[in-house]
Amino acid sequence: MATNNTITVKFFARLREELDTATLTVEAEPGLTAGRLLHDLAGKGGNWAQLDGALPVMIAVNQVMTKPDKVLQPGDEVAFFPPVTGG
Amino acid sequence: MATNNTITVKFFARLREELDTATLTVEAEPGLTAGRLLHDLAGKGGNWAQLDGALPVMIAVNQVMTKPDKVLQPGDEVAFFPPVTGG
Amino acid sequence: MIRVQQQDFDPAEEYRALRGSGSGTGAIATFTGLVRDSGDLDGVTGLFLEHYPGMTEQVIEGLVREASGRWDVHEARIIHRVGYLSLGEQIVFVGVCSAHRGDAFAACEFIMDALKTSAPFWKKEITGDSEHWVEQRAADLDRTRSWE
Amino acid sequence: MIRVQQQDFDPAEEYRALRGSGSGTGAIATFTGLVRDSGDLDGVTGLFLEHYPGMTEQVIEGLVREASGRWDVHEARIIHRVGYLSLGEQIVFVGVCSAHRGDAFAACEFIMDALKTSAPFWKKEITGDSEHWVEQRAADLDRTRSWE
């Protein structure tokens with residue numbers, strides 16, 4: 001879980017596999033949006049570059065689906081994942 | 001079952017109860033339609049009078065739903081019943 | 001599989017049969033109707049169900065053929081009970097399996113709707129001290145016409 | 001009743017629970033999804049299902065609340081499996097009971113459609129020698145939007 005001034009980031013399914021990452025922790029900067037965080041992560045290059053628009057990425061903050069302009073707060077849990085395919 | 005020159009008439013549900021008749025046999029007259037037979041039976045009076053339009057009566061000939069203008073043949077089985085209510 | 005019978009049925013058996021219909025089956029939709037305590041009358045304690053033997057089975061076979069022409073139906077299983085039934089008892093079962101859920105749902109609901117308006121069954125509601133032949137509901141006819 | 005679990009389930013148990021929901025229940029609609037041999041790929045031998053623990057349950061609870069607001073729903077029971085599943089295994093169960101069949105069918109189909117497009121589950125198809133994350137189908141999104 002995130003501590004005081006951090007945000008927990010989760011990845012699922014194809015993203016989890018291709019990024020080889022289920023969870024990571026980032027600093028909570030004032031005004032940071034979910035979309036900006038996604039863009040920053042894409043800047044790592046390699047497979048991470050796909051986060052910047054190549055394929056649709058869904059966003060949930062604190063387990064509720066949300067839009068990229070959602071501002072993140074310290075302690076938030078933000079998840080990025082492909083469109084869902086259950087049922 | 002009907003013999004050579006007769007038609008078997010069946011009643012179901014409310015009609016069977018109110019007419020106190022499950023089955024009867026009538027002569028097969030040339031050109032007799034199901035609707036005409038219904039009208040003739042209504043002529044018996046009493047509870048039979050309801051067959052002449054007071055309440056909807058469905059008609060099946062040889063177990064297939066049909067319209068009143070259907071001409072009956074010797075050996076046919078004609079059934080009169082209220083709108084169905086199963087399921 | 002079409003059965004008209006007095007005795008009760010087990011939906012679990014029907015489900016097992018549908019599930020065993022082949023490796024292309026991805027979707028099983030079922031419907032079961034029960035005797036409930038209010039219909040045309042309140043305080044219903046039971047039903048009496050009459051049918052037209054022979055014609056009933058033919059009509060239901062026709063409904064299954066029609067559903068199979070409109071949707072991908074791997075198998076349909078239909079059971080309708082007749083005779084006296086008490087409150088809470090099972091009246092009717094319709095189960096359909098298909099490759100896809102949309103077809104399974106549509107065929108199951110179509111057959112169930114059409115059973116109510118096309119198959120020669122008649123239902124009499126029984127309360128503590130009276131009996132009453134159920135009238136066909138305009139809403140049921142409308143539901144069936146909505147499939148046309 | 002909402003369960004997300006690895007182990008198999010018995011639709012007959014769920015049906016019994018729905019049937020026991022009260023004397024006003026006249027209609028029980030159920031849907032079960034199975035692993036079938038052709039999806040995005042042919043020759044599928046199994047699936048791997050991943051989910052987002054916690055969020056999944058919240059989303060499904062929301063779908064049940066929404067269905068209950070739109071239709072007469074006495075009870076809804078939903079089970080979705082996760083992990084590795086083989087060909088023919090049960091994936092998902094949705095069962096709804098109501099006074100009336102139209103409500104039972106509609107709520108059951110609505111929940112099932114919305115599960116496919118709103119609940120955080122992801123499906124990977126496995127064939128003899130390859131794996132493939134299933135892509136969301138436009139048709140599934142269209143089905144869900146048709147309820148709006």
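In what follows, chains are A, B, ... by sequence order, proteins preceding strands, each numbered from 1. These figures come from a predicted structure and were not determined experimentally.
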* Looking only at atom types and distance, does a side-chain atom of E13(C) sit under 3.5 Å from a main-chain N or O of D10(C), one as donor and one as acceptor? -> no
* Determine whether V4(C) and H51(C) make a side-chain contact, defined as any pair of heavy atoms from C-beta on separated by less than 4.5 Å. => yes
* Which region of F48(C), side chain (C-beta onward) or backbone (N, CA, C, O), has a non-hydrogen atom less than 4.5 Å from a non-hydrogen atom of chain B, or is it both or neither? -> side chain
* Asked: Just by distance, do the side chain of T25(C) and the backbone of S23(C) share a donor-acceptor pair under 3.5 Å?
  -> no
* Asked: Does any pair with a residue in residues 40-52 of chain B pass salt bridge (Lys or Arg N to Asp or Glu O under 4.0 Å), and if so which ones, sequence neighbours excluded?
  -> R36(B)-D40(B)
* To do: Under the side-chain contact (heavy atoms from CB on, under 4.5 Å) rule, collect the residues that match up with D103(C), sequence neighbours excluded.
  => W71(C), D72(C), S98(C), H100(C)
* Does any N or O in the side chain of T8(B) come within less than 3.5 Å of the main-chain N or O of T25(B), such that one atom is a donor and the other an acceptor? -> no
* Are R14(B) and E50(C) within salt-bridge range, i.e. N to O under 4.0 Å? -> no
* Heavy-atom distances under 4.5 Å only: say whether S118(C) touches chain B with side chain, backbone, both or neither. => backbone
* Does anything in residues 64-72 of chain B get under 4.5 Å of chain C by heavy atoms, and if so which residues? -> V64(B), M65(B)
* Mind running salt bridge (charged side-chain N to carboxylate O under 4.0 Å, His left out) on D140(C) and R143(C) for me, showing each step along the way? => CA-CA 5 Å; D140(C) 285 332; R143(C) 285 183 64 89; 5.5 Å; no
* Of all the residues in residues 80-87 of chain B, which have a heavy atom that comes within less than 4.5 Å of a heavy atom in chain C? -> F81(B), P82(B), P83(B), V84(B), T85(B), G86(B), G87(B)
* Any chance the side chains of E17(B) and W133(C) put a donor and an acceptor closer than 3.5 Å? -> yes
* To do: State whether the side chain of R70(C) and the backbone N or O of A107(C) hold a donor-acceptor pair below 3.5 Å, judged by distance alone.
  => no
